[in-house]
Engineer: 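The structure under discussion is supplied below as structure tokens; questions concerning it will follow.
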Amino acid sequence: MSKSKNEYSEKDIATNLLVTLKHMKYEYNTFTQEASNEELFKEIDALYDCISRQQRNVFDMMCAQGWYKMTADSEKNISKAYTKFSNSESELS
């Protein structure tokens with residue numbers, strides 16, 4: 001069956017879902033930090049945890065499908081990033 005321009009592939013849908021969950025997680029993180037009382041905090045924090053698990057599930061599924069590929073970096077680049085992080089960390093101390 002041929003696909004028309006208006007049809008989305010499973011990869012497109014999964015990518016959109018992952019991006020949406022990332023944005024939701026960001027917003028819920030802010031919401032938890034600004035909750036006006038402990039009961040509200042606990043409710044929103046539970047939703048945040050649920051969204052985090054769903055985001056990870058979608059990410060894992062995309063990796064398993066070969067849609068989200070990560071490549072190893074060179075030792076030089078890893079060392080450079082570590083040095084940069086260490087310098088930033090020491091500046092904050």
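What you see below is based on every heavy atom in this structure, not just the backbone, and it leaves out hydrogens, waters and symmetry mates.
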Engineer: Rounded to the nearest 0.5 Å, what's the gap from CG on D12 to OG1 on T15? Could you check?
Structural biologist: 6.5 Å
Engineer: If you round to the nearest 0.5 Å, how far is CD of E39 from CD1 of I44?
Structural biologist: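 One gets 11.0 Å once the value is rounded to the nearest 0.5 Å.
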Engineer: Please round to the nearest 0.5 Å and tell me the distance separating atom CZ of F31 and atom OH of Y26.
Structural biologist: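 Reported to 0.5 Å precision, the distance equals 14.5 Å.
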Engineer: NZ of K42 to CG of L47: how many Å apart, nearest 0.5 Å?
Structural biologist: 14.5 Å
Engineer: What pairs meet the salt bridge (Lys or Arg N to Asp or Glu O under 4.0 Å) rule with one or both residues in residues 16-37, with sequence neighbours excluded?
Structural biologist: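 Every pair satisfying salt bridge (Lys or Arg N to Asp or Glu O under 4.0 Å) with a residue in residues 16-37: there are none.
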Engineer: Of all the heavy-atom pairs spanning L21 and I51, show the shortest one and how long it is.
Structural biologist: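 In terms of heavy atoms, the two residues are closest at O-CG2, 3.8 Å.
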Engineer: Taking only residues two or more places apart in sequence, or in another chain, which ones meet N29 in a side-chain hydrogen bond (donor to acceptor under 3.5 Å, both in side chains)?
Structural biologist: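 Testing N29 for side-chain hydrogen bond (donor to acceptor under 3.5 Å, both in side chains), a comparison that skips the adjacent residues, returns none.
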Engineer: Just by modelled atom types, is the N16 backbone N or O under 3.5 Å from a matching donor or acceptor in the T20 side chain?
Structural biologist: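 Flag set: sc T20 to bb N16 pair under 3.5 Å.
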Engineer: Honestly curious: do Y48 and L40 fall in one hydrophobic cluster under the side-chain, below-4.5 Å linking rule?
Structural biologist: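 Per the 4.5 Å side-chain linkage, Y48 and L40 are co-clustered.
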Engineer: Find out if a path of hydrophobic residues (ILVMFWY) with successive side-chain heavy-atom gaps under 4.5 Å connects I78 to M70.
Structural biologist: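 They do not share one cluster, since no chain of ILVMFWY contacts under 4.5 Å joins I78 to M70.
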Engineer: Between S52 and D49, do the side chains contain an N or O donor and an N or O acceptor separated by less than 3.5 Å?
Structural biologist: no
Engineer: With a cut-off of 3.5 Å and sequence neighbours excluded, list every side-chain donor-acceptor pair involving residues 54-69.
Structural biologist:
residue : atom : partner : partner atom : Å
R56     : NE   : D60     : OD1          : 3.1
R56     : NH2  : D60     : OD1          : 3.4
N57     : ND2  : R53     : O            : 3.4

Engineer: Is the OH atom of Y28 crowded by more than 12 outside heavy atoms at less than 6.0 Å?
Structural biologist: no
